[in-house]
Q: 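Structure below; questions to follow.
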Amino acid sequence: MELLNFKIGDDYISVEKDSLYFDLHSNFNFTGFNYNAPNKEFQLTFVKSLEEWAANEVINNLIFTFRGVSFLKIREKDNLLNIQDVDCLNDIGFGAFDSRQDMDSFLATNQFQYNYDLIFIFISGQSIKVHSDTVFLETNCNEKTNL
């Protein structure tokens with residue numbers, strides 16, 4: 001998999017694009033995904049939090065688009081957990097090819113390798129693990145323009 005225009009932050013809760021830092025844990029909320037199976041395309045969408053601490057964030061939403069999806073595994077949220085922030089990211093990182101069944105952890109490395117999966121782990125217990133040919137990050141600004 002190739003990360004086309006972004007990288008995972010050293011804190012494993014963020015991404016960096018065009019020298020900008022996007023905190024997916026505090027400043028953005030996960031709103032959902034869309035999978036187009038015939039086209040092997042998968043999208044994850046995060047929108048800017050309405051909380052006061054995210055008020056200065058100039059980006060309204062982030063859309064991760066995976067093209068050429070060859071592996072997708074989704075673990076639903078844990079309904080037994082009484083968590084209000086079900087849309088809050090806990091971690092983002094890489095998973096090795098041989099640990100695809102593990103939906104709770106990631107490799108603590110930014111030394112990305114082509115055969116790694118990208119995993120999103122949420123406070124709610126939900127996890128999404130994807131492997132594709134490429135991943136592109138679209139950022140939409142308040143002025144309806146893209147960065």
Side-chain angles (χ1 to χ4, degrees), residues 1-35 41-78 80-143 145-147:
M1 176 169 25
E2 182 180 359
L3 308 182
L4 293 177
N5 63 339
F6 71 98
K7 70 175 199 159
I8 304 301
D10 293 336
D11 55 8
Y12 306 109
I13 60 167
S14 66
V15 292
E16 296 174 23
K17 177 185 175 198
D18 300 327
S19 300
L20 297 174
Y21 172 91
F22 302 107
D23 181 342
L24 298 177
H25 174 77
S26 299
N27 293 348
F28 292 89
N29 297 320
F30 174 64
T31 59
F33 59 83
N34 183 33
Y35 183 45
E41 186 172 288
F42 182 71
Q43 289 185 322
L44 291 171
T45 303
F46 290 79
V47 298
K48 179 176 134 176
S49 172
L50 298 176
E51 300 297 336
E52 181 180 317
W53 57 81
N56 292 330
E57 186 67 60
V58 297
I59 300 298
N60 280 341
N61 62 47
L62 302 164
I63 301 170
F64 294 86
T65 300
F66 298 82
R67 292 191 176 99
V69 173
S70 57
F71 178 80
L72 174 61
K73 185 173 182 177
I74 299 171
R75 181 179 67 190
E76 291 300 318
K77 67 180 181 152
D78 186 344
L80 298 177
L81 293 175
N82 187 16
I83 297 174
Q84 292 180 339
D85 293 329
V86 296
D87 52 3
C88 183
L89 183 81
N90 196 53
D91 299 295
I92 181 174
F94 303 113
F97 180 79
D98 59 355
S99 66
R100 285 192 161 164
Q101 297 308 312
D102 180 3
M103 297 295 285
D104 294 310
S105 61
F106 61 94
L107 299 169
T109 182
N110 282 333
Q111 300 300 315
F112 178 72
Q113 295 182 20
Y114 181 79
N115 64 342
Y116 284 173
D117 301 325
L118 192 55
I119 185 167
F120 297 80
I121 303 170
F122 298 89
I123 289 177
S124 66
Q126 182 175 28
S127 296
I128 300 171
K129 191 177 274 192
V130 187
H131 187 85
S132 62
D133 294 334
T134 61
V135 187
F136 179 80
L137 178 60
E138 178 181 344
T139 54
N140 296 305
C141 300
N142 292 333
E143 297 82 21
T145 60
N146 293 333
L147 283 180

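Any value given below was found using the heavy atoms of this structure, including those in side chains, with hydrogens, waters and symmetry copies removed.
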Q: Write down the atom of Gln126, the atom of Arg75, and the distance for their closest heavy-atom approach.
A: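 Taking Gln126 first and Arg75 second, the nearest heavy atoms are CG-O, 3.0 Å.
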Q: Check Ile8 against Phe94 and note the closest heavy-atom contact, atom names and distance.
A: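 Reported closest heavy-atom pair: CG1-CZ, 3.5 Å.
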Q: Enumerate donor-acceptor pairs with a distance under 3.5 Å from any side-chain N or O in residues 63-71 to protein atoms, sequence neighbours excluded.
A:
{"from": "Thr65", "atom 1": "OG1", "to": "Gln43", "atom 2": "NE2", "distance (Å)": "2.9"}
{"from": "Arg67", "atom 1": "NE", "to": "Glu41", "atom 2": "OE1", "distance (Å)": "3.2"}

Q: Between Ala54 and Ser49, which heavy-atom pair has the shortest distance, and what is it?
A: CB-O, 3.7 Å
Q: Test Val130 against Phe33 for side-chain contact (heavy atoms from CB on, under 4.5 Å), laying out the working first.
A: CA-CA 12 Å; Val130 187; Phe33 59 83; over 6 Å; no
Q: To check you understand the geometry: which heavy-atom pair defines the closest contact between Lys77 and Ser124, and what is its length?
A: CB-OG, 3.5 Å
Q: About how many Å separate CZ of Phe42 and CG of Asn34, when rounded to the nearest 0.5 Å?
A: 8.5 Å
Q: Are Phe22 and Thr139 packed together at the side-chain level, in the sense that at least one heavy-atom pair is separated by less than 4.5 angstrom?
A: yes
Q: For the pair His25 and Ile123, evaluate side-chain contact (heavy atoms from CB on, under 4.5 Å) and give the outcome as yes or no after the intermediate values.
A: CA-CA 9 Å; His25 174 77; Ile123 289 177; 3.8 Å; yes
Q: Going by heavy atoms in the side chains, are Phe28 and Ile59 under 4.5 Å from each other?
A: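 Heavy-atom side-chain distance check passes, below 4.5 Å.
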Q: For Lys48 and Leu62, run side-chain contact (heavy atoms from CB on, under 4.5 Å): C-alpha distance rounded to whole Å, both residues' side-chain angles, the deciding distance at 0.1 Å, then the answer.
A: CA-CA 8 Å; Lys48 179 176 134 176; Leu62 302 164; over 6 Å; no
Q: Between Phe97 and Tyr116, does the ring centre distance come in under 6.0 Å?
A: no
Q: Could you walk me through whether Tyr21 and Ser14 satisfy the side-chain contact (heavy atoms from CB on, under 4.5 Å) test, starting with their C-alpha distance in whole Å, then the side-chain angles of each, then the deciding distance to 0.1 Å, before giving a yes or no?
A: CA-CA 7 Å; Tyr21 172 91; Ser14 66; 3.1 Å; yes
Q: Would a distance-only check, ignoring hydrogens and angles, find a side-chain to backbone donor-acceptor pair under 3.5 Å from Asp18 to Leu20?
A: no
Q: Heavy atoms only: give me the nearest Val135-Met1 pair and the separation to one decimal.
A: CG2-SD, 3.1 Å
Q: Give a yes or no on whether a salt bridge exists between Asp102 and Lys129, defined as a side-chain N under 4.0 angstrom from a carboxylate O.
A: no
Q: Nearest 0.5 Å please: distance from the CG atom of Leu72 over to the CZ atom of Arg100.
A: 10.5 Å
Q: Find the distance between CG (Leu44) and CG (Leu118) and round it off to the nearest 0.5 Å.
A: 8.5 Å
Q: Only counting residues at least two apart or in another chain, list the ones meeting side chain to side chain donor-acceptor pair (under 3.5 Å) with Glu52.
A: none
Q: How many angstroms lie between atom CG of Asp23 and atom CG of Asp11, to the nearest 0.5 angstrom?
A: 7.0 Å
Q: What are the two closest non-hydrogen atoms of Lys73 and Gln101, and how far apart are they?
A: NZ-OE1, 2.8 Å
Q: Would you say that Lys7 contacts Lys17 through its side chain, given a criterion of any heavy-atom pair below 4.5 Å between the two side chains?
A: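 Side chain of Lys7 against side chain of Lys17, heavy atoms only: no contact under 4.5 Å found.
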Q: Side-chain contact test, heavy atoms from C-beta onward, threshold under 4.5 Å: evaluate it for Leu137 versus Leu4 and give yes or no.
A: no
Q: Does Trp53 reach the main-chain N or O of Ser26 with its side chain, forming a donor-acceptor pair under 3.5 Å?
A: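 Checking the backbone N and O of Ser26 against the side chain of Trp53, a donor-acceptor pair under 3.5 Å is found.
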Q: Answer whether the closest heavy-atom distance between the side chains of Leu24 and Val15 falls below 4.5 Å.
A: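 In contact.
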Q: Hey, are the side chains of Thr31 and Val47 touching, using non-hydrogen atoms and a 4.5 Å cut-off?
A: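 When only atoms from C-beta onward are counted, Val47 and Thr31 do touch, with a gap below 4.5 Å.
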Q: Working to the nearest 0.5 angstrom, can you tell me the gap between Thr45 OG1 and Glu138 CD?
A: 9.0 Å
Q: Ignoring hydrogens and geometry, is there a side-chain-to-backbone donor-acceptor pair from Ser127 to Met103 under 3.5 Å?
A: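 Yes.
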Q: Testing the 3.5 Å rule here: is there a donor-acceptor pair between the side chains of Asn140 and Asn60?
A: no
Q: Strictly distance-based, threshold 3.5 Å: is any side-chain N or O of Asp91 a donor or acceptor partner for the main-chain N or O of Ile121?
A: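 Not at all, since once roles are kept as given, no pair shorter than 3.5 Å links the two residues.
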Q: Indicate the ring-plane relationship of Phe122 and Phe46, choosing parallel, tilted or perpendicular according to the 30° and 60° boundaries.
A: parallel
